Amino acid sequence: MTAIPDKFLDLVTKKKAFANLATVMADGSPQVTPVWIDYANGLLRVNTAKGRTKARNMTTGARVALVIQDPDNPYRYLAVRGRVKHMTEKGADAHIDALAKKYIGQDKYPYRRPGEVRQIFEIEPTHTNTLE
């Protein structure tokens, strides 16, 4: 596992920095989605609804990449390559609510659909690149 450099932890812990998450489709083609993220225990965490393309692509062990730009200076960024370490539905509803609080200031995630099942994907960084 590679640690996120201390000088860039603010992008995943404090700032409302969106990540562009790249996954790999079954046919080998790339797929990119902007996502909300957070960071816990050395892992980047992404939350999505079960069945979405990125969820189908992020099986345990799957390779992914993220670029996280500083919202105050888009020329400052953190690029991460990694692997999906773990996926769980446990706590995913509370997690998406916490991300909604961070990103849009709302206590509850307002875009939830009836019957939607949320999932948390934990990504273990294997390589980082930064620009300041």
Side-chain angles (χ1 to χ4, degrees):
M1 183 160 82
T2 299
I4 302 295
D6 289 343
K7 287 176 67 174
F8 289 83
L9 282 173
D10 64 318
L11 295 179
V12 293
T13 60
K14 296 178 181 161
K15 292 192 174 194
K16 296 178 186 180
F18 284 78
N20 289 298
L21 170 69
T23 65
V24 181
M25 301 289 289
D27 68 1
S29 63
Q31 184 269 337
V32 180
T33 307
V35 294
W36 294 345
I37 57 164
D38 70 359
Y39 184 73
N41 302 316
L43 303 172
L44 294 166
R45 300 188 310 169
V46 173
N47 189 307
T48 192
K50 188 174 186 174
R52 289 190 179 158
T53 301
K54 63 183 162 290
R56 291 191 311 268
N57 293 343
M58 289 195 294
T59 57
T60 300
R63 294 178 182 185
V64 299
L66 303 102
V67 173
I68 306 153
Q69 286 181 285
D70 188 331
D72 301 318
N73 175 8
Y75 295 102
R76 178 178 181 252
Y77 69 84
L78 166 67
V80 178
R81 290 194 310 259
R83 292 186 183 268
V84 176
K85 183 172 184 174
H86 183 254
M87 183 284 293
T88 186
E89 294 174 9
K90 185 178 180 182
D93 288 331
H95 182 246
I96 194 62
D97 289 341
L99 289 173
K101 186 68 171 177
K102 173 184 174 181
Y103 281 90
I104 58 175
Q106 294 191 25
D107 292 332
K108 291 280 188 188
Y109 178 66
Y111 309 113
R112 190 170 282 135
R113 296 183 179 146
E116 183 175 80
V117 176
R118 302 300 304 188
Q119 299 174 303
I120 301 170
F121 291 86
E122 296 178 324
I123 299 166
E124 179 180 33
T126 58
H127 178 82
T128 64
N129 185 36
T130 60
L131 182 65
E132 206 166 2

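Keep in mind that this is a model prediction, so the values were computed, not measured.
The list of salt bridge (charged side-chain N to carboxylate O under 4.0 Å, His left out) pairs with a residue in residues 123-132, not counting sequence neighbours, reads Lys7-Glu132.
Using a 4.5 Å cut-off on side-chain heavy atoms (C-beta onward), Leu78 and Val80 make contact. A 4.5 Å side-chain heavy-atom check between Asp70 and Tyr75 finds every atom pair outside the cut-off. Proximity of Arg76 to Leu11: side-chain heavy atoms (C-beta onward) are separated by under 4.5 Å at one or more points. The shortest distance between side-chain heavy atoms of Met1 and Leu43 falls below 4.5 Å. At a threshold of 4.5 Å between non-hydrogen side-chain atoms, the residues Thr53 and Thr33 do not count as touching.
The two atoms that bring Ala49 and Ala55 nearest to each other are O-CB, 3.8 Å, heavy atoms only. Contact detail for Pro125 and Gly42: the closest heavy-atom pair is CD-O, 3.4 Å.
Shown here are the ring-ring contact (aromatic ring centres under 6.0 Å, His included) partners of Tyr111, two or more places apart in sequence or in another chain: Tyr109. With sequence neighbours left out, Tyr103 forms a ring-ring contact (aromatic ring centres under 6.0 Å, His included) with Phe18, Trp36.
Under the 4.5 Å side-chain heavy-atom criterion for ILVMFWY residues, a single connected hydrophobic cluster contains both Leu66 and Leu9. Under the 4.5 Å side-chain heavy-atom criterion for Ile, Leu, Val, Met, Phe, Trp and Tyr, Tyr39 and Leu21 are members of the same hydrophobic cluster. In the hydrophobic clustering of this structure, Val35 groups with Ile104; members are Ile, Leu, Val, Met, Phe, Trp, Tyr whose side-chain heavy atoms approach within less than 4.5 Å, directly or through other members. Two different hydrophobic clusters hold Ile37 and Ile120 under the rule that ILVMFWY side chains link at heavy-atom gaps under 4.5 Å.
Residue Asp107 holds its CG atom at 4.0 Å from NZ of Lys101, rounded to the nearest 0.5 Å. The OG1 atom of Thr59 sits 10.5 Å away from the CZ atom of Arg83 when rounded to the nearest 0.5 Å. Distance check: Lys54 NZ to Thr48 OG1 gives 3.5 Å after rounding to the nearest 0.5 Å. Note that the CD atom of Glu89 and the CD atom of Gln119 stand 5.5 Å from one another [nearest 0.5 Å]. Rounding to the nearest 0.5 Å places CD of Glu122 at 11.0 Å from CE of Met87. Taken from CG in Asp10 to CD1 in Ile68, the straight-line distance is 10.5 Å, to the nearest 0.5 Å.
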Practice item. Report the C-alpha separation of Ile4 and Thr128 in whole Å, then their side-chain angles, then the decisive distance to 0.1 Å, and conclude whether the side chain to side chain contact (heavy atoms under 4.5 Å, CB included) test is met. Key: CA-CA 7 Å; Ile4 302 295; Thr128 64; 4.2 Å; yes

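Ion pairing of Lys15 with Asp72 is present here, as a side-chain N (NZ or NE/NH1/NH2) and a carboxylate O approach within less than 4.0 Å. Using a 4.0 Å cut-off between charged side-chain N and carboxylate O, Arg112 and Asp97 make a salt bridge. Between Asp93 and Arg118 no salt bridge is recorded (no basic side-chain N to carboxylate O distance below 4.0 Å).
In this structure, Gln69 contributes its side chain and Pro74 its backbone to a donor-acceptor pair below 3.5 Å.
For Asn41, the CG atom counts as loosely surrounded, since its 6.0 Å shell holds 12 or fewer non-hydrogen atoms of other residues, nucleotides or ligands.
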